[in-house]
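Note that these values count all heavy atoms, side chains included, but never hydrogens, waters or copies made by symmetry. Per chain, numbering begins at 1; letters A, B, ... match sequence-line order.
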Amino acid sequence: MEAPQKNLYITTAIPYVNGTPHIGNAIDYLLADIWARYQKQQGHEVRFQVGTDEHGNKIAAKAAELGIDPQTYTNQQYVNFESLINKVGASATDFIRTTDPHHLAAVQYIWQKLAPYIYKGSYEGWYCVGHEAFFTDKEVQELGGICPDHQKPFEQLEEANYYLKTSSFTDQIRRAIETGEMQIVPEFRKKEFLELIKDGLQDVSISRPLKNLSWGVPVPGDPDQVMYVWLDALANYITVLGYPDKEGWQTYWPADVQVIGKDILRFHAGIWPAMLLGLGLQLPKQLLVHGHVIVGGAKMSKTVGNVVDPIEIVDTYGVDGFRYYFSRHIPTLDDGDFTWEKFENAFNGELGNDLGNLIQRVASMITRYQAGVIGDSEQAEHDMTLYHDAMTNLEFNRAIDEVWSMVRSLNQYIDNVKPWEVAKGLGKDPEAEPHLAEILAHCSGALLQIGDLLVPFMPTTATAIHDIFESGVVKMPEGVLFPKKYIHTPDPHAPKA
RNA sequence: CGCGGGGUGGAGCAGCCCGGUCAGCUCGUGUGGCUCAUAACCACAAGGUCGCAGGUUCAAAUCCUGCCCCCGCAACCA
């Protein structure tokens, strides 16, 4: 009856290694991890890619500033992302750095293979000599035509660039999106993108003159040109699997899900498919486009100073506290709001009171009334169609909602059957003992099922539940699960001032 | 007329595609119950012109038209 075991592949966007890891990266890792753990639980083999984008001028500049070479600099930097990945408990299998030798070689191979779709053109725009960089019309307009850093006017400059003919793939890509061959989730993002390309895709510039971009992959056959970000960075999704020369990449490509933020949809739904089509490869099956985390209704921004650090959340509330809030209260496919107060309310109320306390009361009754012996607990089998449908539709927040409705039901059940009343009959009423045993066995069975359903979301908690109830004898945990924290919300039990 | 999303009891949301069985859920508030439990849990109650104005229909939060307001994006910062 079991579905056949499959080899699945999920990817995350590779952040620019220059920055510090932020909440958006954490969301990427978390969503991909939830999916990966769910699929593994279903018996599938999953490869889960993460990585860092390590080329470009900003990196070269920063390295120069520090007096080290760029590679040394990125060697220091990429660990920040590795550490965030571990911090949020993401079970990634492959970490790619775009400075990996295999990647460099593979990208050059890809360039050559795409040669029929590459042509040399020129780019014209506003250039600042001081920055050695182009600025957009909008930027130049906002700055009044003068570079504030160098006090010099921007000038029109033309430079040689190679272009990828993404335009010639417009129809193919549009069709793939419309038919769902490459499914964009959620639906409204698909609409948005189709609308965006209604007049066709524009060819994209994929190289820079060496003098303007020193730190990057050399363009094969043209020593004066270096690859600009697109081919280099996007290719990671296949080079990490070993494309083109290492065995096994075919087993995992096309990707089943590629997790991206809404801000980079256009590249992943436009340039990336064009590259794949040019290479004669299949398109990814699904693009999971998540939203952004806003804080108290406002965009998160460094200048506003409302940036929330995922590391701080994990360090304060634990990895499962983090995973819980960001999987349930930040909608998988839309923007979501974070405030420390909301977070703490959810932590205390939903994890502490609803789930934590439920586990505690069941474990405690079994210990108190039956010396910890659970007896024959048949694993409860609630109908979890809604949960699985939600997981399949990549609406993880809805799936975990379902788990909480089970938690609620079990609390209600306990209040209905009143095991403590039944326990009063022990030793008097011969019916009492088996009746009580049956009730408590049901409770622990239900909790085990809840534990299973939580595996993708809160692996640590799932294991904890498992450990308490699985052996047939309750192992009371040392402490309580999810003890209350009152850091950002008032402690209701504190004496009033 | 650039594109997209949204306006539902104090807060946050679901329902809208496939009109009626829809006014639902969580939190908050009030009252009560219970004592196994992390002063937790359970029940009940108060509270809504479903943005505004028209229209279609036996019937509209749900379909159509117009308007108002909020948010995001507008090509290289998840």
Side-chain angles (χ1 to χ4, degrees), chain A residues 12-16 18-19 21-31 56 58 134 136-138 186-199 201-202 204-205 228-230 233 259-267 270-271 289-294 297-302 310 328-329 331 334-337 339 341-342 345-346 348-369 397-398 401 404-405 407-408 410-423 436 439-440 443 477 479-485 491-493:
Chain A
T12 57
I14 55 172
Y16 199 50
N18 203 27
H22 54 62
I23 200 87
N25 308 129
I27 296 273
D28 259 23
Y29 301 143
L30 174 61
L31 295 181
K58 284 183 186 164
F134 283 94
T136 61
D137 288 348
K138 190 179 159 192
E187 188 76 15
F188 73 86
R189 295 285 173 213
K190 163 180 164 181
K191 254 174 75 182
E192 208 173 75
F193 185 74
L194 285 173
E195 194 60 38
L196 186 74
I197 62 166
K198 110 181 139 223
D199 299 324
L201 286 160
Q202 247 176 48
V204 58
S205 160
Y228 188 55
V229 59
W230 303 125
V259 178
I260 55 175
K262 65 178 183 182
D263 51 303
I264 54 173
L265 171 62
R266 53 185 47 167
F267 314 123
I271 302 172
V289 188
H290 67 252
H292 287 182
V293 177
I294 57 179
K299 275 208 292 184
M300 206 183 287
S301 98
K302 280 182 189 165
R328 184 166 187 213
H329 294 292
D334 212 337
D335 290 350
D337 197 44
T339 65
E341 194 186 0
K342 278 185 182 180
N345 281 333
N348 287 335
E350 295 161 21
L351 290 179
N353 294 345
D354 294 344
L355 178 62
N357 177 61
L358 173 61
I359 292 165
Q360 192 67 22
R361 67 196 298 212
V362 171
S364 157
M365 283 191 280
I366 295 172
T367 304
R368 179 190 285 228
Y369 301 140
N397 56 307
R398 293 203 180 217
D401 269 349
W404 251 257
S405 74
V407 168
R408 171 168 276 270
L410 189 54
N411 268 322
Q412 288 168 334
Y413 168 80
I414 292 172
D415 269 68
N416 278 334
V417 299
K418 300 182 175 49
W420 53 91
E421 288 291 338
V422 180
L436 186 58
I439 291 168
L440 295 176
C443 291
V480 116
L481 251 56
F482 309 112
K484 304 289 174 52
K485 291 189 189 294
D491 183 347
H493 315 308

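Contact check, A/Arg368 against B/A37: a side-chain N or O comes under 4.0 Å of OP1 or OP2. Between A/Gln412 and the phosphate of B/A43, there is a side-chain N or O to OP1/OP2 separation shorter than 4.0 Å. Residue A/Lys299 has a polar side-chain atom (N or O) positioned under 4.0 Å from OP1 or OP2 of B/C73.
Look at CD1 on A/Ile366: it is 13 Å from P on B/A37, rounded to the nearest Å. Following rounding to the nearest Å, A/Met300 (CE) and B/C71 (C1') show an atom-to-atom distance of 16 Å. Between the CG atom of A/Leu410 and the C1' atom of B/C36 there is a distance of 12 Å, rounded to whole Å. For the pair A/Asp415 CG and B/C42 C1', the computed distance is 4 Å after rounding to whole Å.
Across all strands, A/Trp404 comes closer than 4.0 Å to no nucleic acid atom at all (heavy-atom distances). Residue A/Tyr16 is classed as having no contact, given no heavy-atom separation below 4.0 Å to the nucleic acid. Residue A/Asp354 is in sugar-phosphate contact alone, with no base atom involved, counting any heavy-atom pair closer than 4.0 Å across all strands shown.
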Close N/O contacts between protein and nucleotides 13-17 of chain B (under 3.5 Å):
unit_1 : atom_1 : unit_2   : atom_2 : d
B/A14  : O3'    : A/Arg398 : NH2    : 3.4
B/G15  : OP1    : A/Arg398 : NH2    : 3.4

Identify all pairs in which a protein N or O lies below 3.5 Å from an N or O of nucleotides 28-30 of chain B, and state each distance.
none

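Of all nucleotides listed (B/C41, B/A43, B/C34), B/A43 comes nearest to the side chain of A/Arg408. Closest approach to the A/Trp420 side chain among B/U35, B/C41, B/A75 is made by B/U35 (side chain taken as heavy atoms from C-beta onward). Of the candidates B/C36, B/A37, B/C77, B/C77 carries the atom nearest the A/Asp263 side chain, counting heavy atoms from C-beta on.
Distance alone, capped at 3.5 Å, places no donor-acceptor pair between the A/Trp230 side chain and the A/Ile271 backbone. Distance alone, capped at 3.5 Å, places no donor-acceptor pair between the A/His290 side chain and the A/Lys262 backbone. Judged by distance alone, with hydrogens and angles left aside, the side-chain atoms of A/Asp334 form no donor-acceptor pair with the main-chain N or O of A/Gly291 at under 3.5 Å.
By the 5.5 Å and 30° criteria, A/His292 is stacked with the base of B/A78.
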### Message
Using a 4.0 Å heavy-atom cut-off to protein, can you give one letter per nucleotide of nucleotides 2-11 of chain B, 5' to 3': B if the base is in contact, S if only the sugar-phosphate is, - if neither?
### Response
-SSS------
